[in-house]
*Asks:* 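Right, I'll just put the structure down here and ask away after.
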Amino acid sequence: MTDRQYFARSRIQSHDWRQPTRARRVVRPRAIETSWHSRSQSSLEYRLVASKTFYIETFGCQMNAHDSEKVIGTLLAEGYERVDAPDNAHLVLYNTCSIRDKAEQKVFSRLQQFKREAGKGKLFGVLGCVAQQEGEKIFDRAPHVNLVAGSASYTRLPELLVQLEAGGKRVTGLSLDTDEAFDTPYTRRDNPHRAYITIIEGCDKSCAYCVVPFTRGPERSRTSESVMAEARRLAEDGYSEIQLLGQNVNSYRDSSPAGWDFATLLRRVAGIAGIRRVRYTTSHPRDFVKAIVEAMDDNPVLCDHVHLPVQSGSSRVLAAMDRLYTRDQYLERIEWLKTAVRQYAITTDIIVGFPGETEADFQETLDLLDAVEYDSLFSFKYSPRPNTAALTLPGHIPDEEKQRRLAIVQEKQRAIQIRRNAQLVGATREVLVEGRNPAMGQWIGRTSDNRTLNFTHPAADGLLGRYLDVRVTRSGPNSLAGEAVTVA
Ligand code: 5AD
Ligand code: SF4
């Protein structure tokens, strides 16, 4: 048995990975480095790379970014050390996105850069949505990959790492058959003010274009008790902003007997002492009920922003997409927000060039942008994804036409944002100070309605994480600029 295999085995026997990080990190012996060094003496290159070092790169959405925080926490708890370049890492991980083809290609181009490493001892792992989607095919396409695991298997990560360290060549975590959410005590958060909490994983909808139900599996809600405990812990640790995450947070349903729905959870999280801002993403219009708006109206801790992806302004296309709402039903939800007690920024996602989308359908999307006047939007060209229903629909649209429609949407929206942001000049808004741009002599703030508000303040340091009132003096399509009202 090699030293590494011995270490891997003894680790299984002697440590429960659920123990607190600090107690367990003590046991990381330098011996493992020695064993690795001695095994690799023929290569100076490998002697310089400490074993148990890892590098991770994350692609895709906020869910993925937060999954990576949990993966990093788990690896640190397992005694790994994080490095900031793949060249210095013994284990290189890519947490991948497959929402559109371009996102998927990124991981293969990264892996391509390292194909000469095959057989030299460096370990490569593909995590996340591409891993789930492509599965073991990844080993054939990139033979230097040793680990392929989807997000539903991250609870098994410590065990998968043991297999990897024991010399496993094709370690996989690909089962979607789980009713667990990735609920781990080890989360490495890099933002000291805003913390993300996953409340629901997976998705039970079947939008015709979307790969997520195949990559993230069925819906699993965490218990309200575990969400609340995590939120309280974060407040005690000094986080003042919490963002609740899920593919469809609106369908959150407490899996414990308390049975809270999403609106109840919002109210309770907003009531935690020390939490000043609560955000959530993402919503599905079908499950976005009035009780959510009522909860927001009742509690200003719930931020003035709703992201409500519409995808298309045409009821015909929405039906083809299997979105489960019509244009009018969507506009009814917008009306709730526009007539609410507080004013909410509304943002959305749009897909152009869905199969069969006619010029008239596209015009309906443009009309919708005028009707709603979104504060911001993300727009995408339809991208055919494996396994999805839309693949077999007739009327696929050429890329140039999708590109043309995308440019029109973006130009229209830019004009709307210029107009809407200009209306804020002269107003005062509270910002959470998130950064500093020394070159511009400005601080970077975020408003409750999720706008970036850059501002001047006499202080050159010490403002990060504070809440300040800022008067808006200028506006652009994507941000505002101003000066701090409170300078003490
Ligand atoms: N093609 C283009 N855009 C897509 N999205 C999801 N799947 C696809 C696809 N196949 C977009 C949707 C979704 C956002 C996260 O990504 O607009 O809301
Ligand atoms: Fe996130 Fe969706 Fe990309 Fe998966 S496919 S990482 S869920 S955006």
Side-chain angles (χ1 to χ4, degrees), residues 62 66 191 193-200 221-246 248-254 256 258-285 287-309 332-348 374-376 424 427-434 445-451 453 465-470 486:
Q62 201 51 61
H66 184 45
N191 183 326
H193 314 296
R194 173 189 302 152
Y196 298 92
I197 302 182
T198 308
I199 61 166
I200 179 169
S221 290
R222 279 173 68 185
T223 62
S224 55
E225 198 187 327
S226 90
V227 173
M228 291 297 286
E230 186 170 355
R232 283 194 204 100
R233 226 171 24 242
L234 290 166
E236 280 160 19
D237 288 348
Y239 291 94
S240 64
E241 181 175 317
I242 280 183
Q243 188 157 336
L244 304 177
L245 296 179
N248 175 9
V249 287
N250 306 150
S251 69
Y252 173 82
R253 179 58 66 172
D254 186 358
S256 75
W260 294 359
D261 61 7
F262 180 60
T264 308
L265 184 73
L266 275 182
R267 286 178 186 272
R268 299 298 177 95
V269 174
I272 293 173
I275 298 300
R276 292 186 62 165
R277 287 185 171 180
V278 176
R279 303 183 185 279
Y280 59 89
T281 196
T282 192
S283 289
H284 189 294
D287 302 322
F288 187 82
V289 292
K290 209 166 186 184
I292 299 173
V293 183
E294 288 162 0
M296 293 173 76
D297 270 347
D298 286 348
N299 197 334
V301 167
L302 300 171
C303 285
D304 303 342
H305 173 215
V306 176
H307 184 66
L308 201 58
E332 187 188 358
R333 274 122 185 101
I334 296 296
E335 197 54 24
W336 295 343
L337 290 165
K338 298 243 174 196
T339 56
V341 178
R342 301 217 316 274
Q343 272 190 6
Y344 297 104
I346 307 172
T347 59
T348 202
Y374 291 106
D375 294 278
S376 171
L424 290 170
T428 295
R429 289 284 181 273
E430 185 185 62
V431 299
L432 165 59
V433 186
E434 293 188 336
R446 183 160 301 276
T447 62
S448 170
D449 71 359
N450 210 32
R451 285 181 162 82
L453 171 46
R466 283 183 55 191
Y467 288 81
L468 297 176
D469 282 341
V470 174
T486 32

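If you're wondering where the values come from, they're calculated on a predicted model, not measured in any experiment.
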*Asks:* Tell me if a side-chain donor or acceptor on Asp297 pairs with a main-chain N or O of Val341 at a distance below 3.5 Å.
*Replies:*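 It does hold such a pair.
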*Asks:* Keeping to residues at least two apart or across chains, list the side-chain hydrogen bond (donor to acceptor under 3.5 Å, both in side chains) pairs with something in residues 332-343.
*Replies:*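 Output for this query lists Asp304-Arg342.
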*Asks:* Any side-chain donor-acceptor pair under 3.5 Å between His307 and Thr281?
*Replies:*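 No pair is found: no donor N or O on one side chain lies under 3.5 Å from an acceptor on the other.
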*Asks:* Would you say Thr447 and Glu430 make side-chain contact, with heavy atoms under 4.5 Å?
*Replies:*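 No, side chains not in contact.
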*Asks:* Under the rule for salt bridge (Lys or Arg N to Asp or Glu O under 4.0 Å), what residues qualify as partners of Arg451, not counting sequence neighbours?
*Replies:*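 Salt bridge (Lys or Arg N to Asp or Glu O under 4.0 Å) check on Arg451 returns Asp375, Asp449.
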*Asks:* Are Tyr196 and Ile242 close enough, and set up right, to give a side chain to side chain contact (heavy atoms under 4.5 Å, CB included), and what steps lead you there?
*Replies:* CA-CA 6 Å; Tyr196 298 92; Ile242 280 183; over 6 Å; no
*Asks:* Can Arg267 and Asp298 be counted as an ion pair, charged N to O under 4.0 angstrom?
*Replies:*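 Yes, this pair counts.
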*Asks:* Kindly determine whether Met228 and Arg268 satisfy side chain to side chain contact (heavy atoms under 4.5 Å, CB included), including the steps that lead there.
*Replies:* CA-CA 8 Å; Met228 291 297 286; Arg268 299 298 177 95; 3.8 Å; yes
*Asks:* Quick check against the 3.5 Å criterion: does Arg253 have a side-chain atom that pairs as donor or acceptor with the backbone of Gly259?
*Replies:*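 Here the side-chain-to-backbone pair exists.
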*Asks:* Determine, step by step, whether Glu241 and Arg279 satisfy the salt bridge (Lys or Arg N to Asp or Glu O under 4.0 Å) criterion, reporting the C-alpha distance in whole Å, the side-chain angles of both residues, the deciding distance to 0.1 Å, and the verdict.
*Replies:* CA-CA 8 Å; Glu241 181 175 317; Arg279 303 183 185 279; 2.9 Å; yes
*Asks:* Walk me through it: do Cys303 and Arg277 pass the test side chain to side chain contact (heavy atoms under 4.5 Å, CB included)?
*Replies:* CA-CA 6 Å; Cys303 285; Arg277 287 185 171 180; 3.6 Å; yes
*Asks:* Could you tell me whether the side chains of Ser240 and Tyr467 share a donor-acceptor contact shorter than 3.5 Å?
*Replies:*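 Result is yes, a qualifying pair exists.
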*Asks:* Any chance you could lay out the side chain to side chain donor-acceptor pair (under 3.5 Å) test for Asp287 and Tyr252, step after step, and finish with the verdict?
*Replies:* CA-CA 10 Å; Asp287 302 322; Tyr252 173 82; over 6 Å; no
*Asks:* With a 4.5 Å limit on heavy-atom distance, are the side chains of Ile334 and Ile346 in contact?
*Replies:*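 Heavy-atom side-chain distance check passes, below 4.5 Å.
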*Asks:* Quick one, Tyr280 with Leu302, criterion side chain to side chain contact (heavy atoms under 4.5 Å, CB included). Give me CA distance, side-chain angles, the key distance, then yes/no.
*Replies:* CA-CA 9 Å; Tyr280 59 89; Leu302 300 171; 5.9 Å; no
*Asks:* Under a 4.5 Å cut-off applied to non-hydrogen side-chain atoms, are Asp469 and Arg429 in contact?
*Replies:*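 They are not in contact (no side-chain heavy atoms under 4.5 Å apart), so the answer is no.
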*Asks:* Any side-chain donor-acceptor pair under 3.5 Å between Ser283 and Asn250?
*Replies:*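 Result is yes, a qualifying pair exists.
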*Asks:* Would you indicate whether the side-chain heavy atoms of Tyr344 and Met296 approach each other to under 4.5 Å?
*Replies:*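 Yes; the side chains approach each other to less than 4.5 Å.
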